[in-house]
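Note: hydrogens, waters and symmetry copies are ignored here, and every other heavy atom, side chains too, is used. Chain letters run A, B, ... following the sequence lines, proteins first and then strands; every chain starts at 1.
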Number of protein chains: 2
Amino acid sequence: MKVSSQEEYGLRCLVQLARLPQGESLTLSQMAEREGISTANAGKLLWILNKAGLVQSHRGTKGGYHLARPASEIRLSEVIKVLDEDAVQEHCKSYTGVMDVCIHTGDCGIRPVILGLHEIVQNALSEITLAELIGTEANVDETLHQIQGLQQHFGRTHKSA
Amino acid sequence: MKVSSQEEYGLRCLVQLARLPQGESLTLSQMAEREGISTANAGKLLWILNKAGLVQSHRGTKGGYHLARPASEIRLSEVIKVLDEDAVQEHCKSYTGVMDVCIHTGDCGIRPVILGLHEIVQNALSEITLAELIGTEANVDETLHQIQGLQQHFGRTHKSA
DNA sequence: GCGATACATTACTTTTTTGTCAAGATTAGG
DNA sequence: CCTAATCTTGACAAAAAAGTAATGTATCGC
């Protein structure tokens with residue numbers, strides 16, 4: 001249960017684009033250098049984001065990338081989904097409908113936990129937009145902590161009840 | 001951001017052990033067969049769980065594994081932590097104190113998000129014990145959905161406020 | 001004690017994920 | 001139209017994760 005390299009660096013590049021003044025753009029090499037990855041690697045990530053409609057590119061001498069939408073309309077949940085959809089087919093086929101290759105019975109009890117975790121993460125991520133991420137970092141931090149606080153509170157009352 | 005193979009199968013084996021009547025145990029081959037993995041692979045996972053003090057083994061003809069503690073005292077957060085600690089060093093050294101190998105500045109804005117996500121996942125997992133997982137699967141499902149509900153509610157009020 | 005059973009541990013192989021390279025395609029500017 | 005800058009794309013290489021094999025060690029039952 002960890003954030004993959006592709007997810008992290010893809011997100012980092014998006015953050016750079018989100019910080020640009022309206023109308024400007026960045027090249028692959030600019031983004032790559034700032035993040036400490038190779039241009040080729042950045043190219044791959046940005047291409048994924050491009051395919052997914054999160055960024056737009058234009059080629060040629062004055063080319064580069066810019067966000068396809070305002071940063072306030074890009075949720076981290078979408079970013080993460082897109083970035084690991086690309087490299088990853090679901091780790092257990094029984095979750096994707098191909099039942100015949102999976103030995104586990106439907107009521108093994110673990111499946112709802114794994115699916116539930118995914119939802120929890122997606123919910124948390126859907127509460128944060130790129131704009132929040134770059135605008136007020138303290139705010140994001142606060143948001144995350146408040147969500148955590150609610151969870152803990154819920155857990156306690158749930159148990160004691 | 002996904003559950004690794006090791007995490008899933010390690011947890012599955014624990015669930016099997018948690019379902020045993022007090023005093024009984026299971027061998028590697030029994031667990032392996034039920035989960036559709038090789039005995040060797042199960043051996044590796046159980047060894048990790050053993051090192052971590054979650055299960056106990058005994059060798060010989062009547063050997064096998066059993067939980068080291070009551071299932072009600074084993075939280076999924078601990079299980080997951082142990083299972084990916086083994087194979088994984090943190091994916092970005094800047095998060096672990098080795099700052100000099102990481103190009104990213106401290107205020108890049110992404111770090112708190114990644115760390116926060118980990119906490120959210122850990123918090124959710126710490127609310128579920130092995131006992132809950134095997135006893136009342138519906139209950140776990142409900143717990144997860146209630147946590148999600150709180151998050152969504154929080155998100156909405158937070159935004160509209 | 002002896003042999004069978006089963007865990008322990010290390011080394012190795014395969015697969016998956018990451019990252020790199022290189023040749024092609026598109027655009028701006030002269 | 002030509003060149004330089006830049007994205008595009010597929011093939012390839014390196015690293016990490018997952019899984020396998022094999023050898024060793026402990027325990028039980030006879």
Rounded to the nearest angstrom, tell me the gap between atom [atom1] in [X] and atom [atom2] in [N].
{"X": "B:Leu46", "N": "C:dA8", "atom1": "CG", "atom2": "C1'", "result": "12 Å"}
{"X": "B:Gln6", "N": "D:dA16", "atom1": "CD", "atom2": "C1'", "result": "12 Å"}
{"X": "B:Glu8", "N": "D:dA17", "atom1": "CD", "atom2": "C1'", "result": "15 Å"}
{"X": "B:Leu45", "N": "D:dA18", "atom1": "CG", "atom2": "C1'", "result": "10 Å"}
{"X": "A:Gln30", "N": "D:dC7", "atom1": "CD", "atom2": "P", "result": "9 Å"}
{"X": "A:Lys51", "N": "D:dT8", "atom1": "NZ", "atom2": "P", "result": "12 Å"}
{"X": "B:Lys2", "N": "C:dT16", "atom1": "NZ", "atom2": "P", "result": "10 Å"}
{"X": "A:Leu17", "N": "D:dC7", "atom1": "CG", "atom2": "C1'", "result": "14 Å"}

Could you give the distance from CG (A:Leu133) to CZ (A:Arg12), rounded to the nearest 0.5 Å?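 A:Leu133 atom CG to A:Arg12 atom CZ measures 10.0 Å (nearest 0.5 Å).
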Name the closest nucleotide to the [X] side chain, picking from [options].
{"X": "B:Ser5", "options": "C:dA8, D:dA18, C:dC7", "result": "D:dA18"}
{"X": "B:Ala40", "options": "D:dC7, D:dG24, D:dT20", "result": "D:dT20"}
{"X": "A:Trp47", "options": "D:dG19, D:dT6, D:dT9", "result": "D:dT9"}
{"X": "A:Tyr65", "options": "C:dC7, D:dT8, C:dT20", "result": "D:dT8"}
{"X": "B:Thr61", "options": "C:dT27, C:dA4, D:dG24", "result": "C:dA4"}
{"X": "B:Arg59", "options": "D:dT27, D:dA18, C:dG19", "result": "D:dT27"}

Between B:Lys62 and A:Lys62, which is nearer to the 5' end of DNA chain C once each is assigned its nearest nucleotide?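 Looking at the nearest nucleotide for each, B:Lys62 comes out on the 5' side.
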For C:dC7, take OP1 and OP2 only and decide whether either is under 4.0 Å from a side-chain N or O of B:Asn50.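 Checking C:dC7 against B:Asn50, no side-chain N or O comes under 4.0 Å of OP1 or OP2.
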For D:dA5, does either OP1 or OP2 sit under 4.0 Å from a side-chain N or O belonging to A:Thr27?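 False: A:Thr27 side-chain N/O out of range (4.0 Å or more) of D:dA5 OP1/OP2.
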Partner set under side chain to side chain contact (heavy atoms under 4.5 Å, CB included) for B:Gln16, not counting sequence neighbours: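 By the side chain to side chain contact (heavy atoms under 4.5 Å, CB included) rule, B:Gln16 matches B:Leu26, B:Met31, B:Arg34, B:Glu35.
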Report yes or no: does A:Glu73 contribute a side-chain atom to a donor-acceptor pair with the main-chain N or O of A:Pro70 at less than 3.5 Å?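 Not at all, since once roles are kept as given, no pair shorter than 3.5 Å links the two residues.
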Would you mind telling me which of B:Leu54, B:Leu130, B:Leu49 makes a side chain to side chain contact (heavy atoms under 4.5 Å, CB included) with B:Leu67?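 Single side chain to side chain contact (heavy atoms under 4.5 Å, CB included) partner of B:Leu67 among B:Leu54, B:Leu130, B:Leu49: B:Leu130.
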Per the atom types in the model, does the base of C:dG19 pair as donor or acceptor with the side chain of A:Lys44 at under 3.5 Å?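 Result: at least one qualifying N/O pair found.
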Can you check whether B:Leu46 reaches B:Cys13 side chain to side chain, under 4.5 Å on heavy atoms?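 Of all side-chain heavy-atom pairs linking B:Cys13 with B:Leu46, at least one is under 4.5 Å.
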B:Gly64 near the nucleic acid: base, sugar-phosphate alone, or nothing, with a heavy-atom cut-off under 4.0 Å?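 Sugar-phosphate, no base atom in range.
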By the 4.0 Å heavy-atom rule, please label B:Leu28 as base, sugar-phosphate, or nothing.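 Result for B:Leu28 = sugar-phosphate.
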